[in-house]
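Data first, discussion second: the structure below is written as C-alpha cells.
If you're wondering where the values come from, they're calculated on a predicted model, not measured in any experiment. When a ligand or atom number is given, it counts from 1 through the structure's own listing order.
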Amino acid sequence: MKNKYIIVEKLNTGVGIITLNRPKVYNALCTDLLAEVSNAIINLDQDLKIGAIVITGGDKVFAAGADIKELSTLDFSSAYMNEFIKKQWLVLEKHNKPIIAAVSGFALGGGCELALLCDFIICDDSAKFGQPEIKLGIMPGAGGTQRLTKAVGKAKAMQMCLTGDIIDAKEAKNYGLIAKIVSEDSVLNEAIVMASKIATMSQPVVKLIKDSINNTYELNLQSGLEYERQSFYTTLALEDKVEGIKAFIEKRKANFLNK
Ligand code: DAK
C-alpha cells in the first residue's frame, strides 16, 4: 500500500531509510503516520538484504510530537479502552534491526520519544529536544519519563518533563542523549554511513549486541512504560488537557484550572 505520511527507501548498502513527511505540521505523529512507520519497520525487519535502518524527519524538523489536533478529540475512556497508539508504538519498540535516528530541528514530545526508542541518535546543531507535554496539560506517554531518565539522568529528565524546557544539541550531547553532533546538512549522510557500516556486520551478532545492551539497559523499563502509558491516558480526563490544547491551537498561553 502506498504511504501518505512517510517515504521509505532501500539503499544497496543494506540500509532502509524512513523519512517522516508531514512538513506543514512539523511531522506531527498522527495515528496513520505511526501505522505507516510501524509497517515500514516490520517490512524492513523482514528484508534479509537490510542490515540497519535510519529514521529522519528531513533537514528542518524531526517531529514535533503526537498530532495535537488528534489529541484534542481524545478522551480518557476512548484512549484507555482503545489503547491509543499503543499497538503502533509497541512495534517501534520491538524492532529487530538497529535503528539510527538522524535528527535536525525539533524532536519534541512523541518526537523526542521516537528518537529515544531508536538504538542511537545523531543530530546536527539545529537539533532541539524536549518533552513539552506538560504545557498542554498532559504528560509524556511513550518513554519521556522512562527512556529519557535513563539517558540523561533524573535531575535533567525532571527539569525537562516538569518545565517543558527544550535543550539544544550541545546540551543533549553533554547529557548523553545523543551519540554524535555532525555539521548541518550532513546528518542524514553520516547516519547512512554508520548504518551502512553496521549492515556489513554479521546480522546475528548485531542483534545479539543490540539485545544485550537494550535488555539490560531496559530492565524494568517495560513496567515503567506501562505505568507511564496508563498515567498518560489519565491526563486525557483533565479539563486542563482541553484548555492546554485549545490554547495551543489559538496560539495563546494556557490558563490551567488544576482539574
Ligand atoms: N501537532 C499538530 N500540529 C503541530 C504540532 C503538533 N504536535 N506541532 C506543530 N504543529 C503545527 C502548528 O499547529 C502549525 O500549524 P498551522 O498553525 O501553520 O496550521 C505548524 O505546525 C507550525 O507550527 P508553529 O506555527 O507553532 O511553528 P513555530 O516554529 O512557531 O513553533 C514548535 C514550533 C515545534 C515549537 C511548536 O509548533 C510547538 O510547540 N509544537 C507543539 C510541540 C508539543 O507540544 N509536542 C508534544 C505533543 S504531545 C503515546 C505516544 C506518544 C505521545 C503520547 C502517548 N502513547 C503510546 C500512549 C505523545 C504526545 C505528544 O507528543
*For ligand 1, which atoms have a heavy atom of G65 less than 4.0 angstrom away?*
7 (N), 61 (O)

*asked:* Using a 4.0 Å cutoff against the non-hydrogen atoms of F84, which atoms of ligand 1 qualify?
replied: 57 (C)

*Evaluate the side-chain hydrogen bond (donor to acceptor under 3.5 Å, both in side chains) criterion for residues E226 and Q222: first the C-alpha distance (whole Å), next the side-chain angles of each, then the deciding distance (0.1 Å), finally the verdict.*
CA-CA 6 Å; E226 189 55 37; Q222 289 315 314; over 6 Å; no

*Atoms of ligand 1 less than 4.0 Å from P132 heavy atoms?*
43 (C), 44 (O), 45 (N)

*Short list, please: which atoms of ligand 1 are under 4.0 Å from a heavy atom of A28?*
1 (N), 2 (C), 6 (C)

_Salt bridge present between R147 and E218 (N-O < 4.0 angstrom)_ = yes

_Which of the ligand 1 atoms, numbered from 1, are nearer than 4.0 Å to a heavy atom of G110_ = 58 (C), 60 (C), 61 (O)

*Would you mind listing which atoms of ligand 1 come within a distance below 4.0 Å of any non-hydrogen atom of K251?*
17 (O), 25 (O)

_Heavy atom to atom 52 (C) of ligand 1, shortest distance: which of K135, K128, E113 holds it?_
E113

*Examine the proximity of ligand 1 to A66 and report which part, side chain or backbone, both or neither, has a heavy atom under 4.0 Å away.*
both

*Mode of K24 contact toward ligand 1 - side chain, backbone, both, neither (heavy atoms, under 4.0 Å)*: backbone

*Based purely on interatomic distance, does A142 place a nitrogen or oxygen under 3.5 Å from a nitrogen or oxygen of ligand 1?*
no

_If the threshold is 4.0 Å, N to carboxylate O, is there a salt bridge linking E243 and K253?_
no

